[in-house]
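The structure under discussion appears below in the form of structure tokens.
Since the model is a prediction, treat every value here as computed from it, not as a measurement.
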Amino acid sequence: MAKDFDPSGRVPDYYVNAGTSSFTQFLTHASPELLPGRRPLPPGLSADIAPHGTTIVAIATAEGVVMGGDRRATMGNLIASRDIEKVHPADSYSLIGIAGTAGIGIELMRLFQVELEHYEKIEGTMLSTDGKANRLAGMVRGNLGAAMQGLAVVPLFAGYDLSPADPAKVGRIFSFDVAGGLYEETGYDAIGSGSLFAKSALKKKYRAGLSTDDAVRLAVEALYDAADDDTATGGPDLTRKIFPVVMSATANGTHRLTEAEIIAVAEQVVAGRMENPGG
């Protein structure tokens with residue numbers, strides 16, 4: 001007889017009396033095998049069996065935050081995808097970007113979106129920015145077993161804080177390690193294989209109080225620098241019309257730059273590098 005089968009046709013009690021505002025905890029009881037970190041894996045390293053996403057940058061602005069990600073995914077020395085999207089809205093006021101094993105990262109991102117929506121429906125209010133970051137840290141920690149076998153995912157989380165301790169710092173950025181460690185970053189951050197080069201670009205040009213438009217330009221420039229030195233990071237592809245995904249989160253909610261908007265910025269950056277290849 002199937003697990004939890006009830007001849008009366010009634011669903012198990014935990015489906016109608018969840019008792020928790022956490023969708024992840026509910027799933028742990030209802031169908032734990034559906035959680036990314038609970039799936040059995042064969043012994044040994046599995047890092048080369050799935051595409052990996054690469055570079056994500058986040059920048060705090062005077063109005064909130066900007067996050068951008070390149071579009072390339074790799075498998076070893078091969079380009080697995082040229083147009084993967086690694087930056088998404090987490091909810092109405094926050095953004096999440098993923099680097100690492102692409103399939104698990106996309107699944108983790110979707111689960112996080114449901115987690116935040118589920119909490120809001122159950123509690124009737126939105127989680128605080130710190131609460132969102134802590135929930136995401138727990139999900140990353142749940143994937144530790146797979147990460148130890150090479151299927152690691154590291155997200156970057158950023159959002160507009162509706163009730164900031166400092167009104168001048170409404171944009172907040174959080175990074176994570178594979179064990180679920182949570183770290184709040186100041187001003188900017190980057191993750192992925194090209195993060196070293198992206199951070200170097202951000203370090204030279206970032207200034208507190210940037211406007212959203214200036215931060216968008218800086219994000220594209222940082223991704224360009226990462227692609228210039230990291231083969232796993234894809235730069236603006238003018239031939240195929242493939243450009244970074246760039247989003248903002250402000251008091252007005254999240255916004256993804258339209259194709260026309262990001263093309264205009266990317267073409268400006270490329271034209272500037274044609275005149276000065278060194279940046």
Rounded to the nearest 0.5 Å, how far apart are [atom1] of [X] and [atom2] of [Y]?
X      : Y      : atom1 : atom2 : value
Arg135 : Phe112 : CZ    : CZ    : 9.5 Å
Met126 : Glu117 : CE    : CD    : 10.5 Å
Leu108 : Glu115 : CG    : CD    : 10.5 Å
Arg72  : Ile242 : CZ    : CD1   : 9.5 Å
Tyr183 : Phe174 : OH    : CZ    : 13.5 Å
Leu111 : Ile104 : CG    : CD1   : 12.5 Å

For Thr54, which of Thr231, Asp70, Thr74 qualifies under side chain to side chain donor-acceptor pair (under 3.5 Å)?
Asp70
Indicate yes or no for a side-chain donor-acceptor contact from Ser128 to the backbone of Gly131 under 3.5 Å, with no hydrogens or angles considered.
yes
Is it true that [X] and [Y] fall in one hydrophobic cluster, defined by side-chain heavy atoms closer than 4.5 Å?
X      : Y      : value
Val178 : Met139 : no
Leu127 : Tyr93  : no
Val270 : Val265 : yes
Ile262 : Met247 : no

Heavy-atom closest contact ([X] atom, [Y] atom, distance):
X      : Y      : result
Gly69  : Val87  : N-CG2, 3.6 Å
Glu63  : Leu210 : OE1-O, 4.1 Å
Ile173 : Gly187 : CD1-O, 3.8 Å
Ala137 : Gly180 : CB-O, 3.4 Å
Thr55  : Ala226 : CG2-CB, 4.2 Å
Ala215 : Thr61  : CB-CG2, 3.4 Å

Mind jotting down which residue pairs meet the salt bridge (charged side-chain N to carboxylate O under 4.0 Å, His left out) criterion with at least one end in residues 247-266? Sequence neighbours excluded, please.
Glu85-Arg256
Restricting to pairs with a member in residues 218-271, which pass ring-ring contact (aromatic ring centres under 6.0 Å, His included), not counting sequence neighbours?
none
Taking NZ, NE, NH1 and NH2 as the nitrogens, is one of them in Asp91 or Lys132 under 4.0 Å from a carboxylate oxygen of the other?
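So Asp91 pairs with Lys132 through a salt bridge.
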Going by heavy atoms in the side chains, are [X] and [Y] under 4.5 Å from each other?
X      : Y      : value
Ile56  : Met67  : yes
Lys205 : Glu221 : yes
Ile59  : Val65  : no
Val246 : Val66  : yes
Glu267 : Ile263 : yes
Val57  : Tyr188 : no
Val245 : Arg71  : yes

Under the rule for side chain to side chain donor-acceptor pair (under 3.5 Å), what residues qualify as partners of Arg141, not counting sequence neighbours?
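Arg141: no side chain to side chain donor-acceptor pair (under 3.5 Å) contacts found.
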Decide side-chain hydrogen bond (donor to acceptor under 3.5 Å, both in side chains) for Thr212 and Asp214; before the verdict, give the C-alpha distance in whole Å, the side-chain angles of both, and the deciding distance to 0.1 Å.
CA-CA 5 Å; Thr212 298; Asp214 288 341; over 6 Å; no
Filter on side-chain hydrogen bond (donor to acceptor under 3.5 Å, both in side chains), then keep only pairs touching residues 239-254, sequence neighbours left out; what's left?
Asp237-Arg240
What do the steps show when you test Gln113 against His88 for side-chain contact (heavy atoms from CB on, under 4.5 Å), and what is the final call?
CA-CA 9 Å; Gln113 290 173 326; His88 301 269; 4.1 Å; yes
Side-chain atoms of residues 150-168: list all donor-acceptor pairs with protein atoms under 3.5 Å, sequence neighbours left out, distances to 0.1 Å.
from, atom 1, to, atom 2, distance (Å)
Asp161, OD1, Ser163, N, 3.0
Asp161, OD2, Arg172, NH1, 2.9
Asp166, OD1, Ala168, N, 3.0

Show the atom names and distances, to 0.1 Å, of all donor-acceptor pairs under 3.5 Å that link a side chain in residues 191-203 to residues at least two apart or in another chain.
from, atom 1, to, atom 2, distance (Å)
Ser193, OG, Asp230, OD2, 2.6
Ser195, OG, Gly192, O, 2.8
Lys199, NZ, Asp189, OD1, 3.3
Ser200, OG, Leu196, O, 2.9

